[in-house]
> 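Sharing a structure below in structure tokens format, with a few things to ask.
Letters A, B, ... are given to chains in the order of the sequence lines, protein chains preceding strands, and every chain is numbered from 1.
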Amino acid sequence: MERPNDVESRDFIRRIVAEDLAEGKNESRVHTRWPPEPSGYIHIGHAMSILLNYSVAQEFGGQFNLRFDDTNPLAEDTEFVEAIKRDVAWLGADWEDRLYFASEYFEQLYQWAVHLIQEGKAYVCDLTAEQISEYRGTAAFDGERTTTPPGKNSPYRDRTVEENLDLFHRMRAGGFPDGTKTLRAKIDMTHPNLNMRDPVLYRILHVSHHRTGDAWCIYPTYDWTHGQSDAIEGITHSLCTLEFENHRPLYDWFLDNLPVPHRPRQIEFAAVGIGYTVMSKRYHRQLVFGNHVHGWDDPRMPTIAGMRRRGITPEAIRAFVKGIGVTKSEGMIEMAYLEHHIRQDLNKRSPRVMAVLNPLKVVIANYPQGQSESLEAINNPEDPLAGVRSVPFSRELYIEREDFMENPPKKFYRLSPGSEVRLRYAYFIRCEDVVKDADGNVIELRCTYDPDTRGGDAPDGRKVKATLHWVSAPDALRAQVRLYDHLFSVENPHSPPEGKTWLDTLNPESLQIRNDCWIEPSVADAAIGSRFQFERMGYFCLDPDSKPDGLVFNRTATLRDAWLKAQQKAD
RNA sequence: UAGGGCGUAGCCAAGCGGUAAGGCAGCGGCCUUUGGCGCCGUGAUCGAGGGUUCAAAUCCUUCCGCCCUAACCA
């Protein structure tokens with residue numbers, strides 16, 4: 001069927017926002033926010049939420065806030081606040097001067113709690129955590145089937161307003177030990193939505209907070225904080241992930257029962273999952289604190305910090321996020337899809353360079369001893385403006401070990417005894433002899449070159465089936481290269497094989513370090529973070545561990561490899 | 001079990017009653033001084049059944065499957 005292709009369809013959230021705008025809601029404003037808890041580093045899943053909230057505001061001429069949801073001092077830390085700010089900014093989401101902390105609203109929240117008590121809609125409860133759970137009516141298996149009994153009222157539910165006010169005041173004043181009392185909303189203990197069965201608003205925690213210090217010993221829960229914070233900030237559309245859908249009735253109940261200045265609307269969307277990795281902060285904390293990776297910014301991690309160190313650009317992440325769309329159906333995106341966007345972005349912007357990761361020495365027998373020359377190489381065939389550079393050529397070179405086979409199979413176009421190939425931007429060479437050590441390992445190739453093919457073309461028109469990258473041995477820089485693979489060996493670590501845990505599925509070969517790599521001298525002064533395409537090998541970037549006399553590169557992504565694929569098919 | 005949500009090709013995703021967009025992956029081919037890039041071609045009757053209608057992926061209905069919650073975490 002014929003359908004206009006140029007009409008980009010809107011996702012369901014943008015459609016709702018557009019409708020609200022059309023109906024003149026919210027004084028025709030659009031205002032979103034992203035509310036992280038500073039209890040870990042953010043990951044690519046968060047990036048989707050950040051970019052969605054930010055871009056919706058952008059597209060509708062609205063504003064975007066960054067608000068830390070810092071209501072649980074037990075897990076939070078300023079280190080995470082700083083890391084999150086850095087990562088959000090790096091992704092390109094600009095909160096301008098609107099950086100907020102839910103902890104700034106603690107006093108207002110307290111006043112609203114008092115209001116609720118006065119209205120007879122909240123009470124101080126002495127039940128323990130376990131008792132609260134029991135009274136709530138937890139699902140139970142009666143031997144035949146699981147049932148969900150209605151909850152029953154707390155015996156403290158009918159305390160007088162005066163008593164509640166007094167108790168709540170003393171809770172704040174520090175009169176009670178941790179866990180002995182809570183403030184709960186008085187809603188409905190038989191409500192089918194468990195969140196509505198008298199949820200806890202405040203718990204007692206004699207713990208100092210990274211921003212409010214020891215000013216408080218009672219801390220508001222997420223549910224009691226979130227919607228009201230949105231209201232205070234004038235948020236019009238509070239976009240969050242699907243697991244909060246169950247909380248929406250409560251979110252709305254608070255707004256309905258409080259004298260809030262504004263009425264925000266919560267809309268939920270599906271979070272992303274990506275194959276061969278895990279996307280939960282809880283798991284990330286275990287990976288980091290359990291030393292299964294080298295920190296939050298380990299290039300194998302799906303954290304923003306890790307991806308940045310890996311060499312992935314914010315543009316690639318944005319393109320990826322835009323590509324997967326916004327829906328309510330939860331799925332698992334293939335890693336190949338992320339890699340596609342990484343390659344597409346890096347292909348256009350990365351200067352090419354030649355580097356040999358697994359060196360095999362080549363001596364050009366007919367090239368004069370002691371002679372050398374400079375050859376011109378194109379910096380980026382995708383970008384004419386990138387210009388050219390010169391690379392040194394000499395009698396002794398290194399080529400990639402995988403580019404030579406003594407007994408090549410059919411369709412192996414590269415170097416083998418007697419065959420001729422092109423050295424990129426240099427000459428045609430022919431392999432004349434194979435030098436081996438006592439164990440029969442190939443340690444050197446003796447080749448001859450054709451002086452007439454300088455630059456890579458033969459005047460007589462003869463063709464060659466392969467072009468190899470290479471470096472001049474006396475001129476090349478030694479480098480360490482870190483090759484990364486999937487962090488996990490199974491696509492979904494959340495459902496590991498029988499008898500295994502998710503940690504058992506970590507890929508033992510996710511990091512491979514090569515110390516004897518050689519790279520052309522043009523990268524000598526590259527800045528940390530510089531990205532390159534090592535021709536025929538992949539995309540790499542200079543790691544912060546790099547020193548002037550010891551270059552360290554991270555492999556961001558491999559190039560697609562038709563030969564590799566053909567081999568795998570042959571196996 | 002209760003409440004909430006989801007189900008369109010291997011993956012993501014358009015579609016909103018008029019007879020299945022697009023991307024990724026795969027496969028085949030072209031091009032090529034990166035076996036890269038680029039280009040061309042190639043796949044579905046929409047979880048299942050029933051119903052309404054001239055016409056249904058789109059409406060109704062029953063069923064099935066999967067996910068979320070049942071924390072004084074967010």
> Just the rounded figure in Å: distance from P of B/A70 to CG of A/Asn195.
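In whole Å, B/A70 P and A/Asn195 CG are 8 Å from each other.
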> Could you please name the partner base of B/A48, counting Watson-Crick and G-U wobble pairs only when both distances are under 3.5 Å?
B/U62
> Send over the distance from A/His226 NE2 to B/C73 C1', rounded to a whole Å.
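Going from NE2 in A/His226 over to C1' in B/C73 covers 14 Å.
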> Thinking salt bridges, do A/Asp345 and A/Arg349 make one under a 4.0 Å N-O criterion?
yes
> Is it true that A/Glu373 and A/Arg454 make a salt bridge, defined as a side-chain N closer than 4.0 Å to a carboxylate O?
yes
> Quiz question: going by heavy-atom distance under 3.5 Å, is there a donor-acceptor pair between the base of B/U34 and the side chain of A/Gln533?
yes
> Would you indicate which nucleotide in B/G35, B/C72, B/A71 comes nearest to any side-chain atom of A/Lys411?
B/G35
> Under 4.0 Å between a Lys/Arg side-chain N and an Asp/Glu carboxylate O for A/Arg536 and A/Asp561?
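No salt bridge links A/Arg536 with A/Asp561.
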> Can you identify which nucleotide, out of B/A70, B/C24, B/C73, has its nearest atom closest to the A/Tyr337 side chain?
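Nearest to the side chain of A/Tyr337 among the choices is B/C24.
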> Has the side chain of A/Asn246 got a donor or acceptor atom sitting under 3.5 Å from an opposite partner on the base of B/C68?
yes
> Quickly work out the A/Phe320 CZ to B/C12 C1' distance and round it to whole Å.
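Computing the A/Phe320:CZ to B/C12:C1' distance gives 9 Å.
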> With a 4.0 Å cut-off on N to O distance, would you call A/Lys328 and A/Asp11 a salt bridge?
no
> Quick check, does A/Tyr413 stack with B/G35? I mean ring centres under 5.5 Å and planes off by under 30°.
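Yes; by the centre-distance and plane-angle rule, A/Tyr413 counts as stacking on B/G35.
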> Using the C1' atoms only, state how far B/A21 lies from B/C67, rounded to an integer number of Å.
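Rounded to whole Å, the distance is 28 Å.
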> Are the charged groups of A/Asp450 and A/Arg462 less than 4.0 angstrom apart, N to O?
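A salt bridge links A/Asp450 with A/Arg462.
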> Looking only at N and O atoms, is any donor in the side chain of A/Arg343 or the base of B/C24 less than 3.5 Å from an acceptor on the other one?
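It does not, because no donor-acceptor pair links the side chain of A/Arg343 to the base of B/C24 below 3.5 Å.
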> Between B/G35 and A/Arg536, counting only base atoms on the nucleotide and side-chain atoms on the residue, is there a donor-acceptor pair under 3.5 Å?
no
> Hey, is A/Glu268 close enough to A/Arg248 for a salt bridge, meaning N to O under 4.0 Å?
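Judged by the 4.0 Å cut-off on N to carboxylate O distance, A/Glu268 and A/Arg248 do form a salt bridge.
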> Pick the C1' atom in B/C12 and in B/A25, then give their distance to the nearest Å.
11 Å
> Taking the six-membered ring for Trp, does A/Tyr222 stack with B/A74 (centroid gap under 5.5 Å, planes within less than 30°)?
no
> What is the distance from NE2 of A/His340 to C1' of B/C37, rounded to the nearest Å?
11 Å
> Pick the nucleotide of RNA chain B nearest each of A/Lys348 and A/Glu334; which residue has the one closer to the 5' end?
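Result of the comparison: A/Glu334.
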> Has the side chain of A/Glu382 got a donor or acceptor that lies under 3.5 Å from a partner of the other kind on the base of B/G36?
yes
> Taking atom types as they are modelled, is there a donor-acceptor pair under 3.5 Å from the base of B/A74 to the side chain of A/His247?
yes
> If you check every side-chain atom of A/Asn347, which of B/A14, B/A74, B/G36 has the closest atom?
B/G36
> I'd like the P distance from B/C59 over to B/G5, given in whole Å.
16 Å
> If you measure from the C1' atom in B/A20 to the same atom in B/U32, how many Å do you get, rounded?
37 Å
